[in-house]
Undergrad: 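Please see the structure below; I have some questions.
Heavy-atom basis, side chains included; hydrogens, waters and symmetry copies ignored. Proteins get letters first, then strands, A, B, ... in listed order; numbering begins at 1 in each.
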Amino acid sequence: MSVRVRFAPSPTGFLHIGGLRTALYNYLFAKHHGGECILRIEDTDQTRYVESAEKAIIDMCQWAGFDFDEGPEQGGKFGPYRQSERTELYQTHASILIENGAAYYAFDTAEELEKMRERQQKAGLAPKYDRTIMRNQTTLGEEETNRLLAEGEPSAIRLKVPHTGDIRFSDIVRGEVVFAARDIDDQVLLKSDGYPTYHLANVVDDHLMEITHVIRGEEWLPSTPKHCLLYEAFGWEKPKFAHLPLLLNPDKSKMSKRHGDVFVEDFKNKGFFAEALVNFIALCGWNPSADREIFSMKELIESFALEKVNKAGAIFDYKKLEWMNNQYFRSYDPAVLAPELLEVLKTYDYPTVSLEYAAQVIKLLRERISFVADIPTFGDYMFVRPTSFDEEYKGKHWKPETNANIAPLVGIFESLSDFSNQSLHDVVHAYTTEKQIALKFIIHPLRLMITGKQVGAGMFETMEVLGKEEVLARMKVFLENNP
RNA sequence: GCAGCGUUCGUAUAGCGGUUAGUACACCGCCCUUUCACGGCGGGUGCACGGGUUCGAUUCCCGUACGCUGUACCA
């Protein structure tokens with residue numbers, strides 16, 4: 001039987017980076033086994049539903065580089081793929097459970113439930129639905145239940161969890177996991193608004209959609225026994241489970257907004273490359289045991305194995321992500337990145353530049369920065385003449401005799417027909433040798449007058465990209481203002 | 001509180017009974033050099049603790065501690 005997995009997000013907002021990793025692992029696992037990865041939208045909570053979220057989630061998955069074999073947009077033979085369009089299915093399945101005694105009607109109001117929990121907490125008990133005393137099918141009896149139902153009294157359907165025995169299942173990541181049935185709550189399966197809860201919808205859909213492996217976050221581990229009970233009640237075969245370690249904040253809590261960026265959009269907008277982000281999160285919680293860090297999607301697919309997924313949560317190391325982004329930055333063809341730079345440049349008040357020029361600037365500066373978007377600030381002088389000059393740098397390298405040392409270079413540069421890195425290098429070396437001065441007494445002043453900053457790429461390379469005319473203009477102005 | 005899960009340098013991890021405990025990021029130092037960066041070389045720090053099992057435990061078992069997640073008519 002071929003592998004079928006699903007990514008099942010709730011459209012409640014932007015796609016969380018942890019969600020992206022869950023989607024990625026599902027995708028990698030499916031593709032590794034030549035199976036299918038489907039997208040299912042779990043929009044059963046009407047109170048948290050966000051209209052634009054579904055599109056945002058799909059867009060981000062697409063950006064990240066994985067496409068689903070089935071889903072709400074592309075369809076498929078197991079659709080519909082939005083749970084809100086499958087409500088009848090859940091209702092009929094809930095009825096099956098009622099009929100075979102695995103579930104029951106409950107009529108308790110939110111207030112009654114709240115009171116019950118308060119009582120339990122006061123008594124030092126674990127909050128848990130007590131079906132022996134609440135208002136439900138078992139305490140009310142069939143006749144009264146049917147009467148209330150006929151009258152249209154709001155009701156929910158709850159899972160009848162046995163009071164004794166153990167529920168065990170095996171998890172690919174964690175091995176054998178055992179829960180005592182008495183610790184498991186009589187979970188609501190069908191809400192009084194007619195929508196299913198996650199538990200029912202999830203199990204019904206996973207079965208109907210012939211999902212073979214449920215790969216999801218560790219936060220679902222405690223509710224897995226409920227799902228097992230459901231599979232048994234329906235008489236269905238269980239899928240294999242794999243609960244992924246959580247992505248953590250530096251303080252080890254579940255990765256959240258308070259500690260910084262958590263949405264895929266945030267990373268995209270910051271300028272992270274999709275490939276770098278994917279590479280990085282793939283390695284948060286899983287490692288192919290190779291002494292290397294850079295893997296293409298194809299390579300990730302080839303080596304992915306759920307058995308090698310780690311058990312412990314992984315702290316998200318932003319610094320390392322940046323490093324990885326730079327690795328990709330340096331590996332790309334500058335010409336491909338040039339349009340992106342032009343796009344970023346639009347938000348600055350710089351004169352327009354050509355694609356060719358943008359590519360040259362990228363090539364010049366990318367070893368020193370992590371993002372394309374850093375270029376306009378880190379290398380502002382590549383687009384506009386410096387208006388301010390680093391005071392500290394100037395104090396260190398612009399001495400009384402400097403002007404006299406530099407001035408002759410204007411003429412030398414002017415006569416140059418080849419304004420290349422090499423040519424500039426040769427000519428300046430010849431000059432310093434003849435004048436018996438150290439190269440640094442020339443290089444630093446040049447950098448100062450041309451860029452205004454003390455950090456940047458190699459000086460001659462920078463000059464080459466800037467071009468003869470521009471370099472000479474900057475030198476002349478500076479020389480005039482700094483005799 | 002209860003339940004489950006987890007614990008190798010600061011971080012991500014390799015390790016699957018015997019290793020000088022490896023790698024990457026970060027950090028520090030040196031080299032290269034035209035500043036920064038890149039690159040090269042080197043350094044420091046780590047198996048949570050206590051019991052077993054074993055000739056031998058980072059590795060297997062049991063506790064303890066700590067952490068995390070869950071405990072909703074949310075997912």
Undergrad: Please measure how far the P atom in B/G22 lies from the corresponding atom in B/C32, and state the result in whole Å.
TA: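 29 Å, rounded to whole Å.
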Undergrad: Give me the residues of residues 440-454 of chain A where at least one heavy atom lies under 4.0 Å from an atom of RNA chain B, by number, or none.
TA: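 Nucleic-acid contacts, sorted: A/I443, A/H444, A/R447, A/Q454.
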Undergrad: Is the ring centre of A/F272 less than 6.0 Å from the ring centre of A/F280?
TA: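 Ring centres of A/F280 and A/F272 not closer than 6.0 Å.
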Undergrad: What's the gap between B/U59 and B/U53 when it is taken at their C1' atoms, as a whole Å value?
TA: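 Straight-line distance between the two C1' atoms is 13 Å.
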Undergrad: Using a 4.0 Å heavy-atom cut-off across all strands, classify A/R158 as base, sugar-phosphate, or nothing.
TA: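 Sugar-phosphate only.
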Undergrad: Sticking with atom P, work out how far B/G50 lies from B/A57, rounded to a whole angstrom.
TA: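 So the two P atoms sit 13 Å from each other.
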Undergrad: Please check if the side chain of A/D266 supplies one atom and the backbone of A/F263 the other of a donor-acceptor pair under 3.5 Å.
TA: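 Indeed, once roles are kept as given, a pair shorter than 3.5 Å links the two residues.
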Undergrad: Could you list the residues that satisfy side chain to side chain contact (heavy atoms under 4.5 Å, CB included) with A/E219, not counting sequence neighbours?
TA: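 Applying side chain to side chain contact (heavy atoms under 4.5 Å, CB included) to A/E219 gives A/L246, A/K254.
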Undergrad: Using a 4.0 Å cut-off to any heavy atom of chain A, which nucleotides of RNA chain B are the first and last in contact, reading 5' to 3'?
TA: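 For RNA chain B, the relevant span reads B/G1 to B/A75.
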Undergrad: Scan A/F179 against the nucleic acid and name what it touches under 4.0 Å (heavy atoms): base, sugar-phosphate only, or nothing.
TA: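 Sugar-phosphate: the residue A/F179, judged by heavy atoms under 4.0 Å, touches backbone atoms but no base.
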Undergrad: Regarding A/F460, tell me which of base, sugar-phosphate or nothing describes its non-hydrogen contacts under 4.0 Å with the strands shown.
TA: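 The residue A/F460 makes base contact.
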Undergrad: With salt bridge (Lys or Arg N to Asp or Glu O under 4.0 Å) as the rule and sequence neighbours excluded, what pairs involving residues 422-446 of chain A come up?
TA: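 Qualifying pairs: none.
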Undergrad: What parts of residues 361-374 of chain A reach RNA chain B, counting only heavy atoms under 4.0 Å away?
TA: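 Under 4.0 Å from RNA chain B: A/E367, A/R368.
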Undergrad: Near RNA chain B, which residues from residues 109-123 of chain A have a heavy atom under 4.0 Å away?
TA: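 RNA chain B contact set from residues 109-123 of chain A: A/L113, A/R117.
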Undergrad: How close do A/Y81 and A/P72 get, heavy atom to heavy atom, and via which atoms?
TA: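 Between these two residues, the closest heavy atoms are CB-N, 3.6 Å.
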Undergrad: Report which part of the nucleic acid A/D317 touches: base, sugar-phosphate, or nothing (heavy-atom distance under 4.0 Å, all strands).
TA: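 Base contact.
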Undergrad: Determine the Euclidean distance between corresponding C1' atoms of B/G15 and B/A21; express it in Å to zero decimal places.
TA: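 That atom pair is separated by 8 Å.
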Undergrad: What integer number of Å spans the C1' atoms of B/U64 and B/C31?
TA: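 Here B/U64 and B/C31 have their C1' atoms 50 Å from each other.
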Undergrad: Answer with base, sugar-phosphate or nothing: what part of the nucleic acid does A/A8 contact at a heavy-atom distance below 4.0 Å?
TA: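 Nothing, no nucleic acid heavy atom in range.
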Undergrad: Which of these passes side-chain contact (heavy atoms from CB on, under 4.5 Å) with A/Y105: A/L148, A/L149, A/L190?
TA: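 In the set A/L148, A/L149, A/L190, the residue that makes a side-chain contact (heavy atoms from CB on, under 4.5 Å) with A/Y105 is A/L149.
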Undergrad: Considering every strand and a 4.0 Å limit on heavy-atom distances, what is the contact class for A/P196: base, sugar-phosphate, or nothing?
TA: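 If one applies the 4.0 Å heavy-atom cut-off, A/P196 turns out to touch the sugar-phosphate alone, with no base involved.
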Undergrad: Report which part of the nucleic acid A/G285 touches: base, sugar-phosphate, or nothing (heavy-atom distance under 4.0 Å, all strands).
TA: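 Sugar-phosphate contact only - A/G285 comes under 4.0 Å of backbone atoms but never of a base.
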Undergrad: Among residues at least two apart in sequence or on other chains, which ones pass side chain to side chain contact (heavy atoms under 4.5 Å, CB included) with A/I443?
TA: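 With neighbours one apart ignored, the set is A/L439, A/M459, A/F460.
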Undergrad: Which nucleotide, if any, forms a Watson-Crick or G-U wobble pair with B/U58, using both distances under 3.5 Å?
TA: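 Paired with no nucleotide.
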Undergrad: Can you list the residues that meet the side chain to side chain contact (heavy atoms under 4.5 Å, CB included) rule with A/A123, with sequence neighbours excluded?
TA: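 A/A123 satisfies side chain to side chain contact (heavy atoms under 4.5 Å, CB included) with A/L125 once adjacent residues are dropped.
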Undergrad: Considering only the P atoms, how many Å lie between B/G4 and B/G46, rounded to the nearest integer?
TA: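 Looking at atom P only, B/G4 and B/G46 are 33 Å apart.
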Undergrad: Provide the full list of side-chain hydrogen bond (donor to acceptor under 3.5 Å, both in side chains) pairs with a residue in residues 304-319 of chain A, sequence neighbours left out, each pair given once.
TA: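 Matches after skipping sequence neighbours: A/S289-A/K308.
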Undergrad: Taking B/C27 as the reference, what is the distance to B/A72 when you measure between their C1' atoms (whole Å, please)?
TA: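 It works out to 46 Å between them.
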Undergrad: Would you classify A/T12 as touching base, sugar-phosphate or nothing, given that sugar-phosphate means primed atoms plus P, OP1 and OP2, and contacts are heavy atoms under 4.0 Å?
TA: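 Touches nothing.
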Undergrad: When all nucleic acid strands are considered with a 4.0 Å heavy-atom cut-off, which category describes A/N202: base, sugar-phosphate, or nothing?
TA: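 The residue A/N202 makes no contact with any strand.
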Undergrad: Under the side chain to side chain contact (heavy atoms under 4.5 Å, CB included) test, which residues partner A/P245, sequence neighbours left out?
TA: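 A/P245 satisfies side chain to side chain contact (heavy atoms under 4.5 Å, CB included) with A/R21, A/R174, A/V309 only.
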Undergrad: Report the residues that fulfil salt bridge (Lys or Arg N to Asp or Glu O under 4.0 Å) with A/D183, sequence neighbours left out, ordered by chain and then residue number.
TA: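 Counting only residues at least two positions away or on another chain, A/D183 forms no salt bridge (Lys or Arg N to Asp or Glu O under 4.0 Å).
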Undergrad: Is the centre of the A/Y393 ring less than 6.0 Å from the centre of the A/W398 ring?
TA: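 Ring centres of A/W398 and A/Y393 not closer than 6.0 Å.
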Undergrad: Just checking A/F329 against A/F273, ring centres under 6.0 Å apart?
TA: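 Yes.
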Undergrad: Sticking with atom C1', work out how far B/U8 lies from B/U19, rounded to a whole angstrom.
TA: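 These two C1' atoms come out 14 Å apart once rounded.
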Undergrad: Write out all pairs satisfying side-chain hydrogen bond (donor to acceptor under 3.5 Å, both in side chains) with one or both partners inside residues 121-130 of chain A, taking only residues at least two apart or from two chains.
TA: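 Non-adjacent pairs meeting side-chain hydrogen bond (donor to acceptor under 3.5 Å, both in side chains): A/D108-A/Y129, A/Y129-A/N136, A/D130-A/T132.
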